[in-house]
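Just so it is clear, the values below take in all heavy atoms, side chains as well, and ignore hydrogens, waters and symmetry mates. On a predicted model such as this, the values are computed, not experimentally measured, just so you know.
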Amino acid sequence: MKFTIKYFASVREAMGISSEDVVCEAATAGALRDWLIAKGAPYVHALARGQSVRLAVNHALCDETQALESGAEVAFFPPVTGG
């Protein structure tokens with residue numbers, strides 16, 4: 001399946017890119033995150049399990065159990081706080 005991945009804020013800075021298209025067989029958002037982490041640097045640093053990262057699929061916030069369909073847009077970003 002093909003996915004468009006977007007990175008925002010500090011995750012984008014750690015990745016060095018704002019978006020990319022990938023092809024993999026991840027069935028859930030969490031499986032996609034694991035697949036990216038397994039690719040090594042810079043993914044392992046930006047998306048590591050110890051990092052607090054939020055996800056959205058097709059512009060809707062979700063958790064890692066969210067099912068994915070080919071063509072989905074998946075966004076990774078840090079938690080946002082107000083001030």
Side-chain angles (χ1 to χ4, degrees):
M1 296 190 291
K2 183 177 180 180
F3 306 107
T4 297
I5 304 177
K6 295 197 173 187
Y7 306 105
F8 294 94
S10 61
V11 177
R12 179 184 62 227
E13 291 171 16
M15 290 297 302
I17 57 174
S18 60
S19 67
E20 65 180 320
D21 292 326
V22 301
V23 176
C24 76
E25 294 304 316
T28 65
L32 177 61
R33 182 178 181 180
D34 289 336
W35 181 83
L36 290 166
I37 291 169
K39 291 177 69 170
Y43 302 94
V44 71
H45 302 294
L47 302 174
R49 288 293 170 188
Q51 299 281 38
S52 187
V53 176
R54 300 290 312 260
L55 295 110
V57 174
N58 297 327
H59 305 273
L61 290 174
C62 65
D63 64 22
E64 293 195 6
T65 63
Q66 175 66 47
L68 298 178
E69 295 183 6
S70 189
E73 178 186 281
V74 181
F76 292 95
F77 52 96
V80 179
T81 60

Spell out, yes or no, whether [X] and [Y] are grouped together once hydrophobic residues are joined by side-chain heavy atoms under 4.5 Å, including indirect joins.
X: Ile5; Y: Leu61; result: no
X: Ile17; Y: Val23; result: no
X: Phe77; Y: Val22; result: no
X: Phe8; Y: Leu55; result: no

Please answer whether the main-chain N or O of Thr65 pairs with a side-chain N or O of Thr28 as donor and acceptor at a distance below 3.5 Å.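 Not confirmed, Thr28 side chain does not pair with Thr65 backbone.
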
Sidechain-backbone polar pair: Arg33 side chain, Leu47 backbone, donor-acceptor under 3.5 Å: yes

Between Tyr7 and Glu20, does the side chain to side chain contact (heavy atoms under 4.5 Å, CB included) criterion hold? Intermediate values first, please. CA-CA 9 Å; Tyr7 306 105; Glu20 65 180 320; 2.5 Å; yes

Once rounded to the nearest 0.5 Å, what's the spacing between atom [atom1] of [X] and atom [atom2] of [Y]?
X: Ser18; Y: Glu13; atom1: OG; atom2: CD; value: 12.0 Å
X: Glu64; Y: Asp34; atom1: CD; atom2: CG; value: 7.0 Å
X: Ser19; Y: Lys6; atom1: OG; atom2: NZ; value: 6.0 Å
X: Leu68; Y: Cys24; atom1: CG; atom2: SG; value: 8.0 Å
X: Asn58; Y: Gln66; atom1: CG; atom2: CD; value: 8.0 Å
X: His45; Y: Met15; atom1: NE2; atom2: CE; value: 10.5 Å

Measuring only between side-chain heavy atoms, which start at C-beta, is His59 closer than 4.5 Å to Glu73?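 In contact.
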
Heavy-atom pair with the smallest gap, counting every atom of [X] and [Y]:
X: Pro42; Y: Ala14; answer: CB-O, 3.6 Å
X: Ala26; Y: Ala31; answer: CB-C, 3.8 Å
X: Phe76; Y: Val53; answer: CD2-CG1, 3.8 Å
X: Ala29; Y: Val57; answer: CB-CG2, 4.4 Å

